[in-house]
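Accompanying notes for the structure given below.
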Amino acid sequence: MTMNDSGLYAAFQAKDARFDGRFFVGISTTGIYCRPVCRARKPKPEKCTFYTTAAEAEQAGYRPCLLCRPEVAPGTSITDASANLVYRAARMLEKNCGNRQSLEEIAARLGYTDRHLRRVFTAEYNVSPVQYLQTCRLLLAKNLLTDTDLSVLDVAMAAGFGSLRRFNDLFKKHYNLAPTALRKKLSKEKKHNSDITLALGYRPPYHWDKMLNFLAGRAIAGIEVVNNGEYMRTVELENAEGKSVYGWVRVGHEPKKNALSVTMSESLLPVLPQVLARIRHLFDLYCDPDAVYETLKVMNDIRPGLCTLGTRVPGCFNTFEMSVRAVLGQQITVKAASTLAARIVETYGTPVQTGIPGLTHIFPSPQDILAMGENITNNLGLLGVTSARSNTIYQLARALIQEEIDFDLCAQPEEEMKKLMAIRGIGSWTAQYIAMRAMEWPDAFLETDAGVKKALQPYTSKELLKMAEAWRPWRSYATVNLWNTL
């Protein structure tokens with residue numbers, strides 16, 4: 001923690017939302033732990049112990065509060081972690097907690113031994129990776145028990161427990177309560193619904209309308225729909241057995257709760273943690289808006305209103321889909337790029353039945369694109385895609401399949417951008433844009449972008465790049481702020 005206990009208690013006493021998810025409070029008189037924003041009566045300072053993570057609080061013997069629900073607290077952003085490896089490992093554990101991936105596999109994916117990962121993880125978070133993973137599973141299960149009417153068995157399997165017996169034993173051990181008893185304690189009556197709805201918290205403020213406007217302008221027909229203040233899209237993900245699972249997801253805003261409501265088809269239950277991780281990425285829920293604004297508020301010295309507290313960087317749900325759309329959008333309008341993407345989806349996408357108007361297809365996979373071989377220029381050319389961009393899309397698909405490029409929590413985004421620019425047809429603008437939205441890189445800057453140049457007329461690209469040095473490490477957020485002024 002960067003503050004002393006008195007400072008943390010002051011934030012807890014004030015219910016300061018800026019600290020939500022950044023620490024948790026164990027209360028000795030009740031044996032529970034809370035978020036800083038908990039509405040319950042505040043205990044005396046000497047009864048409070050402060051923890052960096054929920055896992056650390058649980059390992060100390062505390063149970064999660066039923067009122068403030070630690071399982072829906074926002075996570076930490078990429079620049080919050082003092083050790084990048086530990087941050088990436090924690091995010092990977094959260095994302096894969098449902099598929100029973102081993103620590104050895106996660107460590108290998110990150111390029112380290114499991115022994116080294118265990119050592120640095122424990123040093124940073126005061127819990128082992130296994131203990132952190134166990135807490136992720138328990139809190140996901142608690143979320144499902146609270147907000148859905150899924151059977152206890154379905155909850156156990158979705159949260160990554162190998163058996164119902166193991167789930168029941170661990171839940172009772174950590175929370176002194178059986179899963180069925182937790183539901184009996186909850187006063188909220190849940191109506192039977194085949195869909196699954198959960199809440200994901202964020203740190204306020206959150207400019208939901210601006211996020212939706214950005215996504216609506218770039219929505220791909222057949223894949224995405226923005227309507228009535230909600231975002232909807234089709235989903236295809238692989239389950240633990242490597243089989244494709246299809247469905248849909250809908251995201252709405254609950255400003256009074258500082259949360260997004262995420263509803264998905266029951267078919268996606270086997271890949272639930274993956275869906276939630278991708279939604280957090282797409283809507284930038286790990287962001288600390290006050291930290292970003294503290295650096296970028298100097299933009300308002302150039303012109304009042306250039307930077308707004310609470311601006312988020314739109315991420316993506318499907319990295320290949322977004323990357324292809326970025327290639328299609330080179331030197332043409334946003335609308336024209338959406339038209340080309342829709343044609344590709346209609347012709348080569350996978351049809352799915354969702355029951356939701358406008359959600360009809362899954363975007364072609366890298367394997368689908370690679371299967372076209374030498375015919376790709378003819379196939380996509382008939383849809384209006386130039387030969388040069390068709391070949392670029394083909395090479396991008398090949399690089400992803402052969403794992404030459406890493407978009408998933410990559411350690412060195414600058415190195416991945418160099419690999420992208422080695423592909424013919426991908427320049428700095430495209431590489432920076434993909435890094436910003438697919439790699440969660442907070443420091444991308446598009447000095448040649450038409451929108452950025454228009455927002456900061458009459459500065460040249462060279463002058464903009466020099467000016468943006470003062471905006472590190474949040475230049476991605478500076479870029480979106482500039483787009484929002486147009």
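For clarity, every value in this text was computed on a predicted model and none was experimentally measured.
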- prompt: Is R398 positioned over the aromatic face of Y394, cation under 6.0 angstrom from the ring centre and no more than 45 degrees off axis?
  reply: no
message: Tell me the closest heavy-atom pair linking V275 and F317, and the distance in Å.
response: O-CE1, 4.1 Å
message: For A54 versus L139, what's the shortest heavy-atom pair and its separation?
response: CB-CD1, 3.8 Å
task: Could you give me the CA-CA distance, side-chain angles and deciding distance for F23 and F50, then say whether ring-ring contact (aromatic ring centres under 6.0 Å, His included) is met?
output: CA-CA 7 Å; F23 70 85; F50 300 95; 5.8 Å; yes
Nearest-0.5 Å distance, CG of residue L198 to CD1 of residue I279: 11.5 Å
query: Any luck finding a side-chain donor-acceptor pair between S387 and T377 under 3.5 Å?
result: no
message: Hydrogens and angles aside, do Y132 and E94 bring a side-chain donor and acceptor to less than 3.5 Å of each other?
response: yes
query: Side chains of D368 and S365: is there a donor and an acceptor less than 3.5 Å apart?
result: yes
- prompt: Is Y459 atom OH crowded by more than 12 heavy atoms from other residues, nucleotides or ligands, each under 6.0 Å away?
  reply: no
query: At what distance, to the nearest 0.5 angstrom, does CZ of R88 lie from CD1 of I106?
result: 12.5 Å
- request: Apply side-chain contact (heavy atoms from CB on, under 4.5 Å) to the pair L383 and L340, showing each step before the final yes or no.
  value: CA-CA 7 Å; L383 305 179; L340 291 176; 5.6 Å; no
- prompt: Which distance, rounded to the nearest 0.5 Å, do you find between the OG1 of T263 and the CG of L268?
  reply: 11.5 Å
field: side-chain contact (heavy atoms from CB on, under 4.5 Å) assessment of M439 paired with L420
entry: CA-CA 12 Å; M439 302 181 202; L420 278 170; 3.7 Å; yes
query: Which residue pairs satisfy the salt bridge (Lys or Arg N to Asp or Glu O under 4.0 Å) criterion with at least one member in residues 308-330, sequence neighbours excluded?
result: R233-E321
query: Which residues satisfy the side chain to side chain contact (heavy atoms under 4.5 Å, CB included) test with A397, sequence neighbours excluded?
result: F320, P366, I369
- request: Applying ring-ring contact (aromatic ring centres under 6.0 Å, His included), run through F283 and W208 and close with a yes or a no.
  value: CA-CA 9 Å; F283 290 97; W208 177 249; 5.4 Å; yes
message: For a 4.5 angstrom cut-off between non-hydrogen side-chain atoms, does P364 reach I344?
response: yes
message: For E415, is there an ion pair with K418 - N to carboxylate O distance below 4.0 angstrom?
response: yes
- request: Output yes when E241 and K243 qualify as a salt bridge under the 4.0 Å nitrogen-oxygen rule, no when they do not.
  value: no
task: Spell out, as yes or no, whether a donor-acceptor pair under 3.5 Å connects the side chain of D16 to the backbone of R18.
output: yes
- prompt: Around atom CZ of R472, are there more than 12 heavy atoms of other residues, nucleotides or ligands at under 6.0 Å?
  reply: yes
message: So, using side chain to side chain contact (heavy atoms under 4.5 Å, CB included) as the criterion, who are the partners of N484 when residues are at least two apart?
response: K210, T311, V480
- prompt: Does I405 reach the side chain of F407, with side-chain heavy atoms less than 4.5 Å apart?
  reply: yes
message: With rounding to the nearest 0.5 angstrom, report the CD1 to CD1 distance, I376 to I393.
response: 6.5 Å
field: Residue pair F214 / V226, side-chain heavy-atom distance below 4.5 Å
entry: no
With sequence neighbours excluded, residues passing salt bridge (charged side-chain N to carboxylate O under 4.0 Å, His left out) with K297: E294
query: Would a 4.5 Å heavy-atom cut-off, applied to side chains only, mark L133 and R137 as touching?
result: yes
message: Counting C-beta onward and ignoring hydrogens, is there a side-chain heavy-atom pair between L276 and L140 closer than 4.5 Å?
response: yes
- prompt: Between W429 and D449, is any side-chain donor less than 3.5 angstrom from a side-chain acceptor?
  reply: yes
field: Heavy atoms from other residues, nucleotides or ligands near CD of E403 exceed 12 (cutoff 6.0 Å)
entry: no
- prompt: Is there side-chain contact between V313 and P442, with at least one heavy-atom pair below 4.5 Å?
  reply: no
message: Determine whether T360 and T234 satisfy the following criterion, side-chain contact (heavy atoms from CB on, under 4.5 Å), listing intermediate values before the conclusion.
response: CA-CA 8 Å; T360 58; T234 56; over 6 Å; no
message: Evaluate K419 against E416 for salt bridge (charged side-chain N to carboxylate O under 4.0 Å, His left out), listing each step before the verdict.
response: CA-CA 5 Å; K419 296 176 186 178; E416 302 306 318; 3.3 Å; yes
- prompt: How about Y477 and D443: does a side-chain donor come under 3.5 Å of a side-chain acceptor?
  reply: no
query: Can you check whether Y246's main-chain N or O pairs, donor with acceptor, with S267's side chain at less than 3.5 Å?
result: yes
task: Using modelled atom types only, decide if a donor and an acceptor are shared between the side chain of H281 and the backbone of R437 within a distance under 3.5 Å.
output: yes
field: Enclosure of Q402 CD (heavy-atom neighbours >12, cutoff 6.0 Å)
entry: yes
- prompt: Less than 4.5 Å apart, any side-chain heavy atom of R475 and any of L446?
  reply: no
task: Check whether any side-chain N or O of N300 sits under 3.5 Å from a backbone N or O of C307 as a donor-acceptor pair, and report yes or no.
output: yes
query: Taking only residues at least two apart or on different chains, which pairs with a member in residues 268-278 satisfy side-chain hydrogen bond (donor to acceptor under 3.5 Å, both in side chains)?
result: none
- request: Please round to the nearest 0.5 Å and tell me the distance separating atom CE of M372 and atom OG of S390.
  value: 9.0 Å
message: Is it the case that over 12 heavy atoms from other parts of the model lie below 6.0 angstrom from the CD atom of E374?
response: no
- prompt: Got a salt bridge between R203 and D20, using NZ or NE/NH1/NH2 to carboxylate O under 4.0 Å?
  reply: no
- prompt: Is the backbone of P70 close enough, under 3.5 Å, to the side chain of R35 for a donor and an acceptor to pair up by distance?
  reply: no
query: Hey, does W248 have a side-chain heavy atom less than 4.5 Å from the side chain of M232?
result: no
message: Hydrogens and angles aside, do Q330 and T430 bring a side-chain donor and acceptor to less than 3.5 Å of each other?
response: yes
- prompt: Do the rings of Y202 and Y206 sit parallel, tilted or perpendicular, given the 30° and 60° boundaries?
  reply: tilted
D301, CG: over 12 other non-hydrogen atoms inside 6.0 angstrom: yes
- request: Keeping to residues at least two apart or across chains, list the salt bridge (Lys or Arg N to Asp or Glu O under 4.0 Å) pairs with something in residues 334-355.
  value: none
message: Donor-acceptor check, side chain of H207 to backbone of L309, threshold 3.5 angstrom: yes or no?
response: yes
- prompt: Which distance, rounded to the nearest 0.5 Å, do you find between the CG of D147 and the CG of L144?
  reply: 8.0 Å
query: Hey, does the side chain of N375 reach the backbone of N378 with a donor-acceptor pair shorter than 3.5 angstrom?
result: no
message: The test is side-chain contact (heavy atoms from CB on, under 4.5 Å); show your working for Q432 and T479 and say whether it passes.
response: CA-CA 11 Å; Q432 294 276 349; T479 300; over 6 Å; no
task: Please determine, by modelled atom types, if E236 and S244 share a side-chain donor-acceptor pair under 3.5 angstrom.
output: yes
query: Side chains of E56 and Y125: do they bring a donor and an acceptor to under 3.5 Å?
result: no
